[in-house]
Amino acid sequence: MRGQLPRRAHAKKEEASQPSGVGCRRRRAMSIISGGLLSRRVGLALVLVLAAVATAPASVLAAGERTTKTKAHHDYEDALQKSLLYFEAQRSGRLPHSQRVTWRHHSGLTDGIEQGVDLVGGYYDAGDHVKFGLPMAFTVTMLSWSLIEYGEDVAAAGELGHALEAIKWGTDYFIKAHTSPDELWAEVGDGDTDHYCWQRPEDMTTSRQAYKVDRDHPGSDVAGETAAAMAAASMVFRKTNPHYASLLLHNALQLFEFADKYRGKYDSSIAEVKSYYASVSGYHDELLWAALWLHRATGKAEYLEYVVENAHEFGGTGWAINEFSWDVKYAGVQILAARLLLRGEHAAHHKSTLEQYKAKAEHYVCACLGRNTADDANVERSPGGMLYIRQWNNMQYVTSAAFLLSAYADYLAEAGGGVVVHCAGGGGGGDDEAEGGVVSAEEVMALARAQVDYVLGSNPRGVSYLVGYGPKYPNRVHHRAASIVPYKHSKEFIGCTQGFDHWFGRRSSNPNVLVGAIVGGPDRWDRFRDNRDNYMQTEACTYNTAPMVGMFAKLHRLAPVASAADV
């Protein structure tokens, strides 16, 4: 029977004793599942607990006030340029002279010193100052995948250098964090103490305790995702910096071996991460994900054999998934496996298993299209057409879906011969599966573009959820550094509670525009409240923007064609 991972409630940790506005953990998995993750063989009776939707204030657009937006022509090149600026705003460590986001300054310069290691650098994941290894690695994987698929488009837009810098800022940190073959530092900072403070990163006074996984404290998920990131990045740097590419691949190979040999969930080894980035899906998806990226980076058959041999046991051919995220990689695994089948890059004995992977990949595509038979097997849509998974930072699922749909549309088109997607639920207007259940690559890509355009402002509110793009975008992003006077303008120390008292509660716009950030976005009714304390909607994450780098570049290339078709 088809299994489906739970639509987890990303509920924040109990915060009754904390100052207002500190609980910005909308993406941390706090799932309650009846009986745990039951076997796929027994039908998976899952009881889901979803976070309650907060009562919307009067300032939120009411359902009756929705308007229909005409098709807009977006400046995807401008969006691409802005998206890459965001990663500079999220940098931790000593900033380079080429830093373009000038309201940021050096921070976290003693990270790792208490543990005797150099952990300076890397990215803050969102509006706080903890460096979480799992979402950081996923961010780098998606940035790298963007360049692998659409690197020529990024280069044509003049942004290749900035994109490479964004990836390298992450991979340089991963090299430091991988201190021995079986050791990886997976977190710097503590979410609980961090949330008591509203400070600029330059003033940080919170704990910078570092946490690692090793043989005795395994973390197959974080090690596997970091291996995937470094393998994918090695492909990106192969031409421009072959020595660096070799170093990345060497680290990726070691990390995968470590992840596979010493198996375990990293949130069982690092208790501090459980309330923030718990690995609800487990580590099997990351092992398959890493193996596929190593196969793509090396061409070695052993990694594809691993994916085929473990397909059933690890759930790769069992889970039918409706989301793709920093936690749940199965849809990405299935689409990468389907690519190998479509391209014929496999041995004859792999075909049957790869066909099973492809069937699950198409379940995801059909779920996004609303073409699966059962309603609960489809992704919900807002009235304005946004794919909706859950209320807390829903945009992460929108941007990742857009990228997967785009990539799969490309794989179908490259296969030629009129290869299409077959959806069990039809949707083409007829009962016959050959009519209603067939979806072309063009239709898949059209949905991907529609999601990108929604992000950029083609939505009922006319709001761009890419900060800094268009005439109307969020001005009160839930982000410590953006919400406080720039360090270069005022080097006077700002303490934990001082930041709350003087800056967090201000009703005015942030003094610094977090250009290129994609915020959590609207609710299922397309409503959005631009308040700093509305962290479910106004906090941004690196993994929201990362998939859009490739999408903006591709759509910039296609824009002249699309514009001509609209005439």
Side-chain angles (χ1 to χ4, degrees), residues 84 86-96 98-99 101 104-126 128-144 147 162-181 183-190 194 201 204 208-214 219 221-234 236-237 241 243-252 254-256 258-259 266 270 273 277 290 293 326 481 541-543 545-546:
L84 288 166
Y86 170 59
F87 295 98
E88 296 190 22
Q90 295 303 110
R91 285 172 171 172
S92 180
R94 185 170 294 279
L95 304 185
S98 60
Q99 174 81 8
V101 180
R104 280 295 323 283
H105 200 62
H106 310 315
S107 63
L109 299 183
T110 61
D111 284 357
I113 194 170
E114 293 181 15
Q115 290 73 37
V117 292
D118 177 7
L119 297 177
V120 176
Y123 287 111
Y124 303 121
D125 73 300
D128 52 22
H129 305 139
V130 184
K131 295 193 297 201
F132 292 102
L134 182 57
M136 191 194 306
F138 179 68
T139 295
V140 172
T141 305
M142 294 309 297
L143 283 172
S144 299
L147 289 196
H162 293 136
L164 292 174
E165 287 175 8
I167 293 171
K168 194 171 185 293
W169 195 267
T171 52
D172 282 351
Y173 175 77
F174 297 147
I175 291 170
K176 290 182 175 184
H178 185 209
T179 44
S180 72
E183 185 175 85
L184 176 68
W185 294 87
E187 180 178 338
V188 178
D190 174 69
D194 180 271
M204 227 184 320
R208 300 309 288 171
Q209 176 71 35
Y211 306 88
K212 68 178 179 179
V213 294
D214 55 27
D221 25 34
V222 67
E225 182 60 60
T226 309
M230 297 177 96
S234 75
V236 171
F237 288 102
N241 194 340
H243 174 75
Y244 189 65
S246 297
L247 178 62
L248 292 175
L249 188 57
H250 173 72
N251 278 270
Q254 284 190 341
L255 280 168
F256 177 73
F258 164 51
Y266 89 122
I270 304 174
V273 80
Y277 282 103
W293 278 113
W326 59 264
C541 301
T542 56
Y543 44 84
T545 296

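Computation of the quantities below employed the complete heavy-atom set of this structure, encompassing side-chain atoms and omitting hydrogens, waters and symmetry-equivalent molecules.
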Got a sec, which residues hit side-chain contact (heavy atoms from CB on, under 4.5 Å) with Ala232, two or more places apart in sequence or on another chain?
-> Ser144, Ile148, Trp293
Across all chains, not counting sequence neighbours, the ring-ring contact (aromatic ring centres under 6.0 Å, His included) partners of Tyr211 are none
Can Ile167 and Phe237 be said to form a side chain to side chain contact (heavy atoms under 4.5 Å, CB included), step by step?
-> CA-CA 10 Å; Ile167 293 171; Phe237 288 102; 3.7 Å; yes
Only counting residues at least two apart or in another chain, list the ones meeting side chain to side chain donor-acceptor pair (under 3.5 Å) with Tyr124.
-> Ser92, Ser107
Sequence-distant partners of His250, side-chain contact (heavy atoms from CB on, under 4.5 Å), two or more places apart = Gln254
Contacts of Gln99 that satisfy side chain to side chain donor-acceptor pair (under 3.5 Å) - sequence neighbours left out = Arg91
For the student: nearest non-hydrogen atoms of Glu187 and Val273, plus distance | OE1-CB, 3.5 Å
Parallel, tilted or perpendicular: which describes the rings of Tyr123 and Phe87, with under 30° parallel and over 60° perpendicular?
-> perpendicular
Under the ring-ring contact (aromatic ring centres under 6.0 Å, His included) rule, collect the residues that match up with Tyr266, sequence neighbours excluded.
-> none
Partners meeting side-chain contact (heavy atoms from CB on, under 4.5 Å) with Ala137 (sequence neighbours left out) = Phe174, Glu225, Thr226, Ala229
In chain order, what residues pass the side-chain contact (heavy atoms from CB on, under 4.5 Å) check against Ala177, with sequence neighbours excluded?
-> Leu119, Tyr173, Leu184, Trp185
Who passes side chain to side chain donor-acceptor pair (under 3.5 Å) against Gln90, sequence neighbours left out?
-> His479
Please confirm whether the backbone N or O of Leu95 pairs with a side-chain atom of His106, one donor and one acceptor, at under 3.5 Å?
-> yes
No-hydrogen, no-angle side-chain donor-acceptor test under 3.5 Å, Asp125 and Tyr277 = yes
Say whether, by atom type as modelled, one donor and one acceptor occur between the side chain of Arg208 and the main chain of Gly189 under 3.5 angstrom.
-> no
Sorted by chain and residue number, the side chain to side chain donor-acceptor pair (under 3.5 Å) partners of Asp172 (sequence neighbours excluded) come out as Lys168, Tyr244
Non-neighbouring partners of His178 that pass ring-ring contact (aromatic ring centres under 6.0 Å, His included), sequence neighbours left out | none
